[in-house]
Every structure is written in structure tokens, then in C-alpha cells.
There are 2 protein chains.
Amino acid sequence: MSKRHVSLKDLARELNVSISTVSRALKDHPDISEEVRKKVKRLAAERNYSPNPLAMGLLKQATRMIGIIVPDLVTHFYSSIISGIESVAKEKGYFVVIASSNEKLEKEKESIANLLQARVEGLIICMSRETTNTEHLEQLLKADIPLVMFDRVCLTNQISAVIADNADASQKIVAHFYSKGYRRIAYVSGPDNLSISKERMAGYLTGLEACGLPIDAALIETCDLTFESAQAAMNRLLQLPIPPDAVFGINDTVAFGLMKAIKTAGLRIPHDMGVVGFTDEFHSTVVDPPLTSVTHPTFEMGQKTAELFFKRLHSAALSETVILETKLVERESSEKPQ
Amino acid sequence: MSKRHVSLKDLARELNVSISTVSRALKDHPDISEEVRKKVKRLAAERNYSPNPLAMGLLKQATRMIGIIVPDLVTHFYSSIISGIESVAKEKGYFVVIASSNEKLEKEKESIANLLQARVEGLIICMSRETTNTEHLEQLLKADIPLVMFDRVCLTNQISAVIADNADASQKIVAHFYSKGYRRIAYVSGPDNLSISKERMAGYLTGLEACGLPIDAALIETCDLTFESAQAAMNRLLQLPIPPDAVFGINDTVAFGLMKAIKTAGLRIPHDMGVVGFTDEFHSTVVDPPLTSVTHPTFEMGQKTAELFFKRLHSAALSETVILETKLVERESSEKPQ
DNA sequence: ATGAAAGCGCTAACAC
DNA sequence: GTGTTAGCGCTTTCAT
């Protein structure tokens, strides 16, 4: 277990100069003679010197780490957003430490504590589906810990956030169904505490109105975002006296659950039931039939989130909400045969 | 930007004792009087003291960080393995820093450099599909940097590794097809440099032999693991004078590509063509028809990998290979109607 | 039983 | 132009 990294001290000793001279030479301090600078830089390059981030962190009280907490790690949506965050973090010389709340409030709190203990400089959070109470987030605000949220957000007047234009997306879906000839359009939402639930619901309602369709409470279902609960919600819709002829779900997993339930009931998509989801490109094309869906600009969402984070990190605690446009990609699942 | 964390110094000042006394009291040093110990611990708890990991790292020359490099972050397989690694890392007070090679050799090298610069204590790597040359990994060995690999491994006589029993899995698939009545079984493999390609190929061949089926080179196709290249490979198989009646692909994405190409060609699964893949539970059930597939014990693979990592970290550089069993889950895609 | 001091790697204010 | 020193938070040896 030989000594793994060369330090300024090592270089200084070898060159018979002081540590500060080496330090200065490396950062092109004007006081240093050309000759020494060259000598130092050459040796540093040769020995593969790189400053010890721990020492720097200790000195500057900055770890250059950002903590990210997502509801889960196995959903493309989050992975892709994380990639976006990473891409700009890396540019700034930061790296990210990722934690998953597994959709549990307790785990979310625990992760916050862990990350703070690891001395991240701030947090980027997407709430778990259980997060009805935001006390733990308010505490972060009080402690003046940089915090930015995305997708499932809250307290947006105090916390910077990046979200998709969810209301608009839902409206687009309703309008799309309408244009394809579907008339009884159902929606399977998620837990009420989530901002995405509220926003997408709002868009659904204005969408119906815009098309001149009546609002029927029976066509509004809720699930807890799991595949199984989505299936169950769909089954309830199918058992209505007058079932819907189209349905859309709040996210990928839910959309797949809906499709499963519909097929299991022996109905055909898109003939008997049109389906639209909020999913990523890849999985929409993999399912059968290919799923018409609203795709989020996930990578860009991640980048924007990181940008807001750095803004917050370097300047005062003002909050800003960035809303990104979604795209409705038409595929077979909503192509009602005439 | 108030001072965010209390230090030993803060506690010491408030209690009018020395820093060392506080330090000792907190770790139950026998020399400390019961009275002082209690006093210190109470205040520490009250002030929510937690040792600064940067200072500890600097002192102990240990960051308690593990670097992980995976080919991509948006595949369930890797996410799940990462979760497994994290679960045991966390237990040991370590945390993981994740980097993606995006299947590129250059990015893999770059990530290694980045992570080392961030002073991870060691690396856990799954090779990119481009990694034909292992020099950069051998350099890690030479530098005595703890390294463990999983799934796509190499140099297993020097590097500890966790893999699935890939040969066995392929054999099971062939035997399964055979038992269902399929006789011309094709295989779409991945790049030759990957261990999983070789192992799964070997199993395919012994599997055919075990069933008394002839080996037909025309039924062996290769792709670069993308959805598109898998489709292309399947199309080549479909254009054979005598096309296969069953096919399996080396991973999820490939399996989905195969299905897509088969359906696009107007063939029915499982009637005209049986399909089996290596995928996770969730996506296998989402596609249509549900895909018979070999599932990896991904979470467990991650845990085992982490265990090997810590073994390597604490003791000498001996290498060990752990092979985990896979499970063939039968679904509709290989249920040939009689 | 407790305190002082050195040192982990680095920077910056202060000598000279 | 270069060296010395203090200090970031912590542990540990050596004094007392």
C-alpha cells in the first residue's frame, strides 16, 4: 500500500524549494520566476500531481459535492435527469452523490441527514410519493442549505424548481384523444400531495372543457404510482356502467399498468380503448402497441436543475421556477380506427 | 451563510475544556472521567455534532468513497446492482460515487482518472462494450488500487469479480426452447471482447449439443447491444434461406430489438418465433407478449460485489470470482402452440 | 485525568 | 521572488 498520491510537500522536497513556492508556481502566481515555474510544472506533470480534494475541502469548507435524492433509481426518468445534473456538475468540478428515497418519507429524511453529514454543499431533491409533510425541507431552508427541487416540487415560492409544463401536457393529451375521436377520456392520477398530480389533473380538466366534454368524476381515478395499483385503478374504470374509451396515466409505470389491465380484460388498444402515457422514448416503443406519450426533456431538466442549483449556491436565496415544454409523440396506442 | 457544522473546537470552547478532551470523551477513552464524558456527550448530541469527514479523510488518508463505473445509468440492470452495492457500502459507512462510461472506452478511462482524483479508495467497474484493451485496468492493479469487477469482467485471475452463471443460463434457454418444440434456435450475441458474450455463447453451443441439435453458424448473429443493431441482426436472421424458429438475445435491449423486428416482419410471437431474453422482471412483463427471460439476481450481485470490494480493501490483493445462479422465468413469448 | 503540540495537504497573509 | 506561519477539524503522542 505505497503512498498513492504526491503532495506539494513531495514536490517541494524534490526541488529543494518551499511548499508555498510550489503552490504558487502551479497556479501561475506572478511573483514566481519563469524558471522555477517551469521546473515545478514539469515535475508536477511528471509525478502526476493533483491537489488533494480533502485538503482543499477542509480549507475552503467546500466539498464540491452535491447530494441528489430521487424517489427511485431504476426509472429511466430519474436516471436521465441525474445524467443531466451530472453533466453540468462535472463542468463545474463538482460531483454528485446519489441517494434514493425508495418513495418513502422516512428514507428521504434519512438520506438528507446522511448527505449533510457527508458535507454535501447542497441538495437536489425530488419528493417521495409519501412526502405529505414538508417540515424536513423547511428545516433545510432555515439552515440556509442550498436546495433545488425538480418534477415533484413544493414551496416553490422559496425553493427553486424545475418542472415540466404538466398542465399543458395533460391538455395536449386530452385534445389529442378528442381529435382521434375518443369521447370518454379517463385519467389515472397519483397521490394528491404531489405537485405533478395536481398540475396534470388541472390540465385534464381544462382540456376537457376546451374540447367541450363534460367532467365526469367517475372517470378520475387515483393510484399510488405502482404497476399493480394502476392495474387496479384501470379495472375499476372498466367496471363502470359506462366505461371510458380512452385513458391516460400519470407516469410510465402507471401507463404500463393500464395497458396490462386493458389487455387482460380482453380489450384491444387502440380499438376499444385509447391509451396515452407520460414515458420516455425507449419504453414507449418497446411496449405493444407502441405507446403515444408525452416525453419529458429529462436530460435538459437535469441540466436546468443543476444550473439553478449553482445559481442558488453562489448568490442569495431567491427562488425561481423553470418550466420546460413537453412533447406529445403520437404512436399506435391512440390511433382509433374510424 | 452561518457556520454550518459544529466542530470539536466549538464544543471545547463552550465547555471550557481542551479539544483533545472532547475528542477522547466522545470515543469513550478510558482516561476520561465519567463526569466529563457525560457532559461532553450531552452537548455533542444537543449541538448535533458529527465529525467532519474531510478532516478524518485527510488524517486517515481515507475518503470512505467507492467509485463505480457502469456502461450506462439508464438500464435497470445496472441501477439495481448499484443499489445492491450501496446497501452494503452504507452499512460500512462508505458511500459510492457513480460514473457512467456510456459504453465508451475513452469515457471509461476518463472516469477512472476523475474518480481517482476525487480520491476514491477503490473502484468497482463493469467494462464498456468498447473495452477491448485492458491496459488501463492493469495499471490500476500495478498501482495497487483496489478493483473489483462485475458482469463484464476480465483478468479474473488477478481481479475479484462477480458474474452470473452465463453459460448455464444460455444452456437453460436452449433446453427450454427445445422442450417447447423449437428446433432452429438462433442466438444474437454481443461484442466478442465482453466476457458475457463468450460465456453465453459457450452455453448456447453446449446447450445445442446437449439437446442433440446441430450447430449452424448462420444462426449465430452479433450486434453492438443497441436496440437498432439488434433489429438489424434479427432481420438478417429472418432473411436466411431457412430462418430460425426461436431466438434469444444477450440482454434486455437486444431482446426488445429482436421482438420489434419479428413483429415488424409480420411474424407472431410465440407462434412463428419463440423469443427469450436476459431481462429484469418488470420489463419482461411489460412487453407484449410477456417475455420469457433469464433474470439476474441484480441486487444480490451488487451486494456480493461490494463484499468482495471490502475484502480486497482490507486484505491482500488476492482475487476471487463469485458466480451467481440465474433463474429462467417462463412467460408467453416461448410458449409454442402445439 | 487533562492539555499542548504536531501533522494530514493546502492556501494566503505576512515576512524579508 | 521566495520562505515562514497559521489555520481548516481531527487524532494521537507526549507532557504534566
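Convention: sequence-line order gives letters A, B, ...; per-chain numbering from 1.
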Worksheet, complete the sentence: Between NZ of Lys39(B) and C1' of dA1(C) the distance, given in whole Å, is 12 Å
Discussion item. Here's one to test your reading of the geometry: is the NZ or CZ of Lys90(B) within 45 degrees of the ring axis of Phe95(B) and under 6.0 Å from its centre?
Written reply: no
Worksheet item: To the nearest Å, how far apart are Arg13(B) CZ and dG7(D) P?
Response: 12 Å
Worksheet item: At their closest point, which heavy atom of Val153(B) faces which heavy atom of Met127(B), and how far apart are they?
Response: O-SD, 3.9 Å
Worksheet item: Taking atom C1' of dG3(D) as reference, at what distance in whole Å does atom NZ of Lys9(A) sit?
Response: 16 Å
Discussion item. Do Ser80(A) and Thr298(A) pair up side chain to side chain, a donor and an acceptor below 3.5 Å, judged on atom types alone?
Written reply: yes
Discussion item. Tell me the interatomic distance from Gln61(A), atom CD, to dG9(C), atom P, rounded to whole angstroms.
Written reply: 18 Å
Worksheet item: Quick one: Asp31(A) CG to dG3(D) P, roughly how many Å, whole number?
Response: 12 Å
Worksheet, complete the sentence: Atom CG of Leu26(B) and atom C1' of dT2(C) are separated, to the nearest Å, by 16 Å
Worksheet item: Do His5(B) and Asn48(B) have side chains that get closer than 4.5 Å, going by heavy atoms?
Response: no
Discussion item. Ignoring hydrogens, what is the shortest heavy-atom contact between Leu73(B) and Ser79(B)? Give both atom names and the distance.
Written reply: O-OG, 3.5 Å
Discussion item. Expressed as a whole number of angstroms, how long is the span from Leu15(A):CG to dG1(D):C1'?
Written reply: 16 Å
Practice prompt. Measure from the side-chain heavy atoms of Ser33(B) and tell me the nearest of dC10(C), dT2(C), dC8(D).
Written response: dT2(C)
Item to complete: Classify every nucleotide of nucleotides 11-16 of chain D by which part a protein heavy atom approaches to under 4.0 Å, writing B for the base, S for the sugar-phosphate alone and - for neither, in 5'-to-3' order.
Response: BBB---
Worksheet item: Between Ser18(B) and dG3(C), does any side-chain N or O lie under 4.0 Å from OP1 or OP2?
Response: yes
Item to complete: Give the minimum heavy-atom separation between Lys107(B) and Ser100(B), together with the two atoms involved.
Response: NZ-O, 2.8 Å
Discussion item. Need to verify one output field. Residue with the more 5' nearest nucleotide on DNA chain C, Ser50(A) or Thr21(B)?
Written reply: Thr21(B)
Item to complete: Determine the contact category for Asn52(B): base if any of its heavy atoms lies under 4.0 Å from a base atom, sugar-phosphate if only primed atoms, P, OP1 or OP2 are that close, otherwise nothing.
Response: sugar-phosphate
Worksheet entry | Any donor-acceptor pair under 3.5 Å from Thr63(A) side chain to Arg119(A) backbone | yes
Worksheet entry | Rounded distance (Å) that lies between atom C1' of dC10(C) and atom NE2 of His5(A) | 15 Å
